[in-house]
Every structure is written in structure tokens, then in C-alpha cells.
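Remarks on the structure that follows.
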Amino acid sequence: MGLIEPSFYARDALEVAWDLLGCRLKHEGVEILITEVEAYRKEGDSANHCRSGRTRRNAPMWGPPGRAYIYLCYGIHLMLNLVTDQDGEGAAVLIRAGQVGGGLDIIRSRRGAKEGPVLLTGPGKVAQALGLDLGMNESELFVPGGLELHQGRRPQGVLAGPRIGIGYAQPEHVLAPWRLAAAGTGWVSHPAPLEQVTSRAHYFSMWS
DNA sequence: CGTCAGATGATC
DNA sequence: ATCATCTGACGC
């Protein structure tokens, strides 16, 4: 119930990112409420993995929307992205943080801990909690049985700030506030500033 | 609290 | 060599 259809993803990554806040990711008994995301936008976003064209790694991003783009970061952590925009355009949204909505015992066993976090702050933790692996790269989020994205509850407010770990990008894109987080969830972390967005319309008038 | 190094491996 | 990171060790 509430499984999100492919058309949801077939838009600009920033719009999808906004609407992903509060949605629920489900996989094998684990459910995570999305609290923080980053948009990597098509054409000219110098922080995007697709900035230099098509490669083996970023191939999923160029494919049809609604699929997972999973890659290994720093040799240790898997990152989960959801592919957006149209087939032939390279864009995606990185899932950066979430709140446990179910399967806490499974998550704890994956971390090898008896006491575990209810808040998953950081993309590596999210992927680990969901039990992802590289074999699930390009899997379709709208197909029942695998990794699924479901509707959720919209957050009360949205915070925006610069994306994390993209110092290699051009200053313009280092500063662009395309990292979004749900306000008032007790989410706290990272040095980068997050500011309350006054209205969705105002935000998108600046960044579309 | 804070900063910082090391782990670890696919990719270009 | 370069990374869309995390953790634990240290110093205050």
C-alpha cells in the first residue's frame, strides 16, 4: 500500500528530493523514514557523478527514473541514490539520513550491536540498515518485493543547505543549497549550515 | 565538545 | 590518485 509509481521520479532531481522527505523506504522487513536527501541535478551540476559524461559507474543515473543507483564510496560504504529525470539524463537523489520505522532488531544485528540507533545520520548507515548490496544496483523501486519506496507523512518544515563532501565542485555548486532535511525530527549533525525554507514556491523560484 | 587519521576498494 | 564516509583516538 502506498507504493510510489514511476512518474514520481520523472522530474527534476531537486523537486523529487523535496517530495522524498517523509517517504518510506522498505526492504526485507526494514522500514526507514527519509529525513535528509541531496539532489544531483542534470546538465551542468559540477558535483554530479555525471559531470564528465557517461561512465561505467554512473550508467544507472542515465537510465530510466525510479531505479536505484548504488555505488561503493571510500571502499567501505554503499550509497543509495534514486534515479530521477528522463531516460537519457544523468540525475539522482542521494538518501543521506533516515529514521527507523520498522525492523530495528534487524538493523541492530547488521551493525553487530545490541543497542542500536533509531536515527540513521549518514548515507552509509542508511544503506547498511536497509541491507543493500551492489547486486541491487539498477533495481526498480516501484516493483513490489525488492527495495520499495512508499508514501509517507510530509514534514512540518524543510531545511536547506549546501551538499556534503563535494569540495571538488565549482564554488557555485559547492554553495548551492540542494541538501534538504525534514525540520523538527530531532535531526542534528554535520558542520554544514541548514536553514529553514520559508516556502516551497520561493525556494523553487530561486533554483529551478 | 572539537579535530584528525586510517580503513579500504572500484573507478577513471 | 581520487573519492557524495565512518569510527575511534586524542586534546580541551
Side-chain angles (χ1 to χ4, degrees), chain A residues 9 12-14 16-18 20-21 25 32 34-63 65 67-85 89-100 107-138 141 147 159-181 186-194 207:
Chain A
Y9 307 92
D12 183 281
L14 193 58
V16 177
W18 182 288
L20 275 172
L21 294 175
L25 281 165
I32 287 172
I34 299 174
T35 60
E36 186 194 354
V37 294
E38 277 175 4
Y40 289 88
R41 305 176 79 185
K42 65 181 177 187
E43 290 168 16
D45 179 1
S46 63
N48 192 321
H49 279 175
C50 295
R51 62 190 173 280
S52 304
R54 198 164 196 134
T55 67
R56 179 197 240 64
R57 181 178 71 166
N58 69 30
M61 291 184 71
W62 297 95
R67 291 182 175 180
Y69 165 48
I70 301 171
Y71 71 96
L72 185 65
C73 187
Y74 293 99
I76 299 178
H77 301 105
L78 293 176
M79 306 280 115
L80 171 63
N81 298 253
L82 308 189
V83 176
T84 65
D85 292 82
E89 297 173 328
V93 176
L94 172 68
I95 309 300
R96 278 202 67 87
Q99 207 165 14
V100 177
I107 295 172
R108 284 175 173 162
S109 69
R110 287 195 174 120
R111 304 206 97 210
K114 277 229 151 159
E115 319 263 317
V118 174
L119 215 48
L120 302 166
T121 56
K125 294 179 190 171
V126 171
Q128 184 192 39
L130 285 167
L132 303 184
D133 59 74
L134 282 175
M136 299 177 58
N137 202 8
E138 297 196 271
L141 276 285
L147 177 61
L159 310 176
R163 294 169 290 180
I164 303 297
I166 54 156
Y168 55 82
Q170 295 174 353
E172 171 193 0
H173 298 128
V174 169
L175 294 174
W178 297 345
R179 168 183 178 229
L180 302 176
W187 190 93
V188 250
S189 188
H190 263 290
L194 285 169
W207 300 111

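Scanning DNA chain B for stems, defined as runs of 3 or more consecutive Watson-Crick or G-U wobble pairs whose donor-acceptor distances all fall under 3.5 Å, gives the following ranges: B:1-7 with C:5-11, B:9-11 with C:1-3.
Residue contacts for A:Leu94: at a heavy-atom cut-off of 4.0 Å it reaches a base atom on one of the strands shown. Within 4.0 Å (heavy atoms only), A:Arg163 reaches no atom of the nucleic acid at all.
Checking side-chain atoms of A:Arg67 against main-chain N and O of A:Met61 turns up no donor-acceptor pair under 3.5 Å. Distance alone, capped at 3.5 Å, is enough to place a donor-acceptor pair between the A:Asn58 side chain and the A:Gly53 backbone. Checking side-chain atoms of A:Arg163 against main-chain N and O of A:Val174 turns up no donor-acceptor pair under 3.5 Å. Side chain of A:Asp85 to main chain of A:Ala91: no donor-acceptor pair is present (N/O by atom type, distance under 3.5 Å, no hydrogens or angles). Between the side chain of A:Arg51 and the backbone N or O of A:Asn48 there is at least one donor-acceptor pair closer than 3.5 Å. No donor-acceptor distance shorter than 3.5 angstrom exists from the side chain of A:Thr84 to the backbone of A:Asp12, with no hydrogens or angles considered. Between the side chain of A:Gln99 and the main chain of A:Ile32, no donor-acceptor pair closer than 3.5 Å is present. Judged by distance alone, the side chain of A:Arg110 and the main-chain N or O of A:Ala129 form a donor-acceptor pair under 3.5 Å.
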Could you give me the CA-CA distance, side-chain angles and deciding distance for A:Leu180 and A:Leu21, then say whether side chain to side chain contact (heavy atoms under 4.5 Å, CB included) is met? CA-CA 8 Å; A:Leu180 302 176; A:Leu21 294 175; 4.1 Å; yes
Report the C-alpha separation of A:Val37 and A:Val16 in whole Å, then their side-chain angles, then the decisive distance to 0.1 Å, and conclude whether the side chain to side chain contact (heavy atoms under 4.5 Å, CB included) test is met. CA-CA 10 Å; A:Val37 294; A:Val16 177; over 6 Å; no
Between A:Leu82 and A:Tyr69, is a side chain to side chain contact (heavy atoms under 4.5 Å, CB included) present by the stated rule, with each step listed? CA-CA 6 Å; A:Leu82 308 189; A:Tyr69 165 48; over 6 Å; no
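Nucleotides of DNA chain C lying under 4.0 Å from heavy atoms of chain A occupy a range whose first and last members, 5' to 3', are C:dC3 to C:dT7. Nucleotides of DNA chain B that come within less than 4.0 Å of any heavy atom of chain A span, from the 5' end to the 3' end, B:dA7 to B:dC12.
Both A:Tyr168 and A:Gln128 sit near DNA chain C, but only A:Tyr168 has its closest nucleotide nearer the 5' end.
For A:His77, there are no side chain to side chain donor-acceptor pair (under 3.5 Å) partners two or more places apart in sequence or in a different chain. Residues that satisfy the side-chain contact (heavy atoms from CB on, under 4.5 Å) test with A:Ala97, not counting sequence neighbours, are A:Thr35, A:Glu36, A:Trp187.
Within residues 75-85 of chain A, the residues having any heavy atom under 4.0 Å from DNA chain B are, by residue number, A:Gly75, A:Ile76.
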